[in-house]
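Notes to accompany the following structure.
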Amino acid sequence: MGLNWNKIWRYVHLSAGLVLVVYHARISFYHEGLFGVTTVWSEEIDKEVSTSLIWLVMWTGLAKWPVYPWYKKRQNKKKRAKKALESSPTES
């Protein structure tokens, strides 16, 4: 199977989500004193990076929703209704 936009958005979403989890885990490890993590970035940089990652994860999650099948289903419904109207016997 080839790549399509849904698969691309899925992998971007999963990758950004994993980076976000690792990033916040590192911050948590620093505050808890775990695993020898002794440095983190400044609060301003942490806030900017965290906000950017959350924004990316949120919007790629929304972008990967399958909107096209809903649109296609609606278009097919209109076509079927038009075809049924045209093929119905008309009384003169």
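Computed from a predicted model, the values in this text were never measured in an experiment. Note that these values count all heavy atoms, side chains included, but never hydrogens, waters or copies made by symmetry.
Y23 and I45 get closest at one heavy-atom pair: OH-O, 4.2 Å.
Evaluation of the side-chain contact (heavy atoms from CB on, under 4.5 Å) rule for R26 yields V37, T39, V40 as partners, not counting sequence neighbours.
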Under 3.5 Å, sequence neighbours excluded: what are the donor-acceptor pairs made by side chains of residues 47-55?
residue	atom	partner	partner atom	Å
S50	OG	H24	NE2	2.8
T51	OG1	K47	O	2.7
S52	OG	E48	O	2.8

Only distances under 3.5 Å count here; give the side-chain donor-acceptor pairs of residues 14-21 to other protein atoms, sequence neighbours excluded, each with its distance to 0.1 Å.
residue	atom	partner	partner atom	Å
S15	OG	Y11	O	2.7

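Rounding to the nearest 0.5 Å gives a distance of 12.0 Å between OG1 of T60 and CZ of R10.
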